[in-house]
Structure formats: C-alpha cells, structure tokens
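Okay, so here's the structure we're looking at.
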Amino acid sequence: MKIIAILSICFVLLQPAAHAAPKKDRAYYEGRGDVVWEIPTSEKKIALTFDDGPDPADTPLILDLLKQYNAKATFFVIGNKVEKYPDIARREVLEGHEIANHTYSHKYFRKNIPSETIQKEILDAENAIIQATSVKPRLFRPPGGFYNENVIHVSKNAGNLVIMWSWHQDTEDWQTPGIYKIVNKVSKNTRNGDIILFHDYVEGKTQTIAALKQILPLLKERGYEFVTVSELLTYRNSTSVDNTNPIK
C-alpha cells in the first residue's frame with residue numbers, strides 16, 4: 001500500500017510539468033507563424049526595412065538611392081507623419097515599395113498596455129495610410145520591438161502579420177554609431193532571407209544615407225536582390241501574406 005501511495009503522489013506531482021505552458025519566446029511565436037524575424041531560404045533575397053518615417057529630408061534621398069540600384073524596400077511608417085507628408089508615402093508606393101504599419105504615434109507597447117490602446121494606434125495609422133495611398137497595410141512592426149501575446153492578437157485581428165528584423169541585422173543607425181559601423185554590421189552578417197533594420201528618420205544628422213551608398217552596391221555585387229518583406233515571405237511556403245493592394 002505504501003508503494004502505491006508513493007507512486008500516486010509522484011504521478012500527481014509530475015502532472016503540472018507534463019502540462020506546463022510553453023515558454024512564449026521567439027521560437028514559440030516563430031513556430032506558430034505569428035511573428036517573422038527572417039525567412040529561411042536558399043534564394044539570395046533580402047529585405048531592407050525603414051522605420052519611423054516618412055521624413056521630408058531623409059526619405060526622398062533614400063528613395064533616390066533605392067531607385068538607382070533597382071532596390072525595393074518596406075517602409076514601416078508612423079501614421080501622424082503620413083498625415084503630414086502624404087506625398088512621400090504616395091511616392092513610396094508608386095515606386096514599388098511596400099508601406100507597412102508602425103503605429104500612429106510611435107507608442108511603445110510595454111507590458112500591460114490595454115488592448116484598446118494597441119488597437120487604436122494600429123487602426124489610426126492604417127486609416128492615415130489608406131487616406132494617403134489607397135493601400136491597406138498588411139504588415140505591422142511594434143515600435144522598439146516590444147511585443148507580447150496581446151500585441152500579436154490585436155495585430156492579427158486587424159489583418160496584419162507582425163514583422164521584426166534579423167537579430168544580426170539591427171544596424172542601430174538611430175544611434176548614429178558611425179557610417180563604418182553601419183556598413184560593417186550589414187556587410188559582414190548578410191545571409192539569405194535577412195530582414196535588415198534601418199531608419200529613415202533619426203534625431204540629428206543621419207548616417208544611414210551615407211551607409212546605404214556603400215551597402216547597396218556592395219550587396220548587389222555579391223548577387224543579392226533587394227525585395228519587399230511580403231515578397232520575401234513568398235520564398236518560404238509556411239508563411240505568406242497578400243501584398244498590399246489598393247482599396248477598391
């Protein structure tokens with residue numbers, strides 16, 4: 001009887017471990033297809049992404065460079081800036097780039113932020129983008145990379161896939177670390193399917209444009225093609241989204 005009792009206690013104690021909730025980290029969300037950091041692919045395709053614009057000084061110069069090297073990019077825009085500079089947002093779309101949602105006011109979605117606040121930030125930005133470009137964004141990037149189950153749930157309900165960036169391709173250009181450091185970060189770490197993080201707005205004088213003047217020809221010479229995030233997604237069968245289409 002004692003042996004049976006001991007075995008019963010052990011069985012009960014082991015049950016919580018057997019049914020423990022999974023750790024909700026990158027592997028968890030990546031495995032479910034809820035969040036994308038990069039795309040495993042044998043194709044030499046990479047996605048350049050630009051956050052925090054549009055900016056009247058820097059974004060047009062970046063667009064000029066992208067056109068020069070026949071490169072497509074994805075711009076994660078701020079809704080209230082789109083309202084101020086709708087012509088730049090329209091230019092992004094007209095030149096074949098992808099426009100995506102980066103909230104209305106660049107609000108950080110830290111822990112315990114209400115769902116209503118997240119939803120309003122996403123939808124207000126979406127409305128601003130639609131008003132300016134007649135395009136509904138399908139991708140969302142939370143400012144600062146802050147995400148949790150709530151952010152992902154609200155984003156999915158709004159029809160967006162959450163896009164982050166390759167951890168080895170965070171240029172930290174917003175900190176203006178030096179042109180060489182930005183170029184070195186990208187050029188020494190580039191892999192197929194990378195999503196590279198830049199900013200088309202930074203406080204103070206940008207170093208991103210000067211860095212791009214070296215990065216674009218260098219990677220093109222290595223055989224890489226610069227595509228939008230949505231196009232990059234098509235190279236992995238497990239995750240795909242509808243490209244941003246004009247509102248009918």
Side-chain angles (χ1 to χ4, degrees), residues 30 33 35-54 58-77 88-102 133 135 137-141 160-173 179 181-200 206-246:
E30 205 166 33
V35 184
V36 173
W37 279 265
E38 59 212 5
I39 301 299
T41 178
S42 60
E43 301 286 337
K44 296 196 78 170
K45 315 284 186 184
I46 55 177
L48 308 178
T49 66
F50 297 89
D51 287 9
D52 298 355
D58 295 343
T59 308
L61 295 177
I62 289 171
L63 288 169
D64 290 344
L65 276 171
L66 294 173
K67 182 185 290 186
Q68 180 181 343
Y69 290 98
N70 193 29
K72 301 306 177 189
T74 299
F75 289 86
F76 288 88
V77 299
I88 301 175
R90 280 193 289 271
R91 181 184 169 188
E92 290 171 354
V93 172
L94 288 172
E95 294 186 2
H97 305 292
E98 181 169 31
I99 198 162
N101 196 322
H102 198 44
T133 67
V135 168
R138 303 291 183 184
L139 306 178
F140 172 69
R141 175 177 284 166
N160 295 302
L161 176 64
V162 175
I163 303 294
M164 304 300 276
W165 56 86
S166 302
W167 283 350
H168 57 281
Q169 289 289 13
D170 182 355
T171 64
E172 298 183 343
D173 58 340
I179 297 166
K181 286 190 175 181
I182 297 172
V183 174
N184 201 45
K185 180 79 170 182
V186 175
S187 63
K188 287 196 170 182
N189 295 290
T190 305
R191 301 196 296 247
N192 295 354
D194 277 353
I195 297 176
I196 305 174
L197 175 62
F198 294 105
H199 294 78
D200 55 330
T206 183
Q207 297 171 340
T208 305
I209 295 166
L212 284 170
K213 289 179 180 178
Q214 297 181 50
I215 291 167
L216 288 169
L218 178 63
L219 295 187
K220 191 168 185 178
E221 187 177 328
R222 292 182 187 173
Y224 285 102
E225 182 180 353
F226 308 103
V227 299
T228 65
V229 170
S230 284
E231 184 177 346
L232 187 65
L233 288 169
T234 66
Y235 291 96
R236 184 179 70 179
N237 293 331
S238 61
T239 305
S240 63
V241 297
D242 189 16
N243 273 316
T244 54
N245 294 317

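Hydrogens, waters and symmetry mates are skipped; everything else that's a heavy atom, side chains included, is used.
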Drop me the distance from [X]'s [atom1] to [Y]'s [atom2], to the nearest 0.5 angstrom.
X: Ile39; Y: Leu232; atom1: CD1; atom2: CG; answer: 5.0 Å
X: Ser187; Y: Gln214; atom1: OG; atom2: CD; answer: 9.0 Å
X: Asn184; Y: Lys181; atom1: CG; atom2: NZ; answer: 10.0 Å
X: Ile215; Y: Ile196; atom1: CD1; atom2: CD1; answer: 7.0 Å
X: Leu48; Y: Gln169; atom1: CG; atom2: CD; answer: 9.5 Å
X: Leu233; Y: Lys45; atom1: CG; atom2: NZ; answer: 14.0 Å

Of all the heavy-atom pairs spanning [X] and [Y], show the shortest one and how long it is.
X: Ala210; Y: Ile179; result: CB-CD1, 3.4 Å
X: Val229; Y: Thr74; result: N-OG1, 2.9 Å
X: Phe140; Y: Phe76; result: C-CE2, 4.0 Å
X: Glu38; Y: Ser166; result: OE1-OG, 2.9 Å
X: Asn189; Y: Lys185; result: ND2-O, 2.6 Å
X: Pro137; Y: Ile99; result: CB-O, 3.8 Å

If you measure only the distance, is there a donor-acceptor pair under 3.5 Å linking the side chains of [X] and [Y]?
X: Asp194; Y: His168; value: yes
X: Thr59; Y: Arg91; value: no
X: Thr41; Y: Asn192; value: no

TODO: Determine the interplanar angle of the Phe198 and Phe50 rings, folded into 0 to 90°, and report it as parallel if under 30°, tilted if 30 to 60°, perpendicular if over 60°.
DONE: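 Plane angle under 30°, so parallel.
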Task: The single option from Val93, Leu63, Thr228 passing side chain to side chain contact (heavy atoms under 4.5 Å, CB included) against Phe75 - done: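 Output: one option passes, namely Leu63.
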Open item on the list: Given Ile209, which partner from the list Asp200, Ile62, Asp64 fulfils the side chain to side chain contact (heavy atoms under 4.5 Å, CB included) test?
Closed with: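 Testing Ile209 for a side chain to side chain contact (heavy atoms under 4.5 Å, CB included) against Asp200, Ile62, Asp64 leaves exactly one candidate, Ile62.
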Task: Intermediate values then yes/no, side-chain contact (heavy atoms from CB on, under 4.5 Å), Lys72 and Leu66 - done: CA-CA 7 Å; Lys72 301 306 177 189; Leu66 294 173; over 6 Å; no
Is the backbone N or O of [Y] less than 3.5 Å from a side-chain atom of [X], with the two atoms forming a donor-acceptor pair by type?
X: His199; Y: Asp51; answer: no
X: Glu92; Y: Glu98; answer: no
X: Lys220; Y: Tyr69; answer: yes
X: Arg138; Y: Ala100; answer: no

Task: Result of checking Asp173, Thr171, Asp58 against Thr208 for side-chain hydrogen bond (donor to acceptor under 3.5 Å, both in side chains) - done: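 Filter result, single survivor: Asp173.
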- [ ] Test Leu219 against Thr190 for side-chain contact (heavy atoms from CB on, under 4.5 Å), laying out the working first.
- [x] CA-CA 8 Å; Leu219 295 187; Thr190 305; 3.6 Å; yes
Task: Pairwise side-chain contact, Leu197 with Glu172, heavy-atom cut-off 4.5 Å (strictly under) - done: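 SC-SC contact between Leu197 and Glu172 ruled out.
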- [ ] Would you mind reporting whether Trp167 and Trp37 have side-chain heavy atoms less than 4.5 Å apart?
- [x]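 SC-SC contact between Trp37 and Trp167 confirmed.
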Open item on the list: side chain to side chain donor-acceptor pair (under 3.5 Å), that's the test. Do Thr49 and Arg141 meet it? Break it down for me.
Closed with: CA-CA 10 Å; Thr49 66; Arg141 175 177 284 166; 3.0 Å; yes
- [ ] Determine, stepwise, if the pair His102 / Val77 fulfils side-chain contact (heavy atoms from CB on, under 4.5 Å).
- [x] CA-CA 5 Å; His102 198 44; Val77 299; 5.7 Å; no
Open item on the list: Lys213 vs Leu65, test: side-chain contact (heavy atoms from CB on, under 4.5 Å). Steps then yes/no.
Closed with: CA-CA 7 Å; Lys213 289 179 180 178; Leu65 276 171; 3.8 Å; yes
Task: Electrostatic pair Glu225-Lys44, nearest N-O below 4.0 angstrom - done: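 No, this pair does not count.
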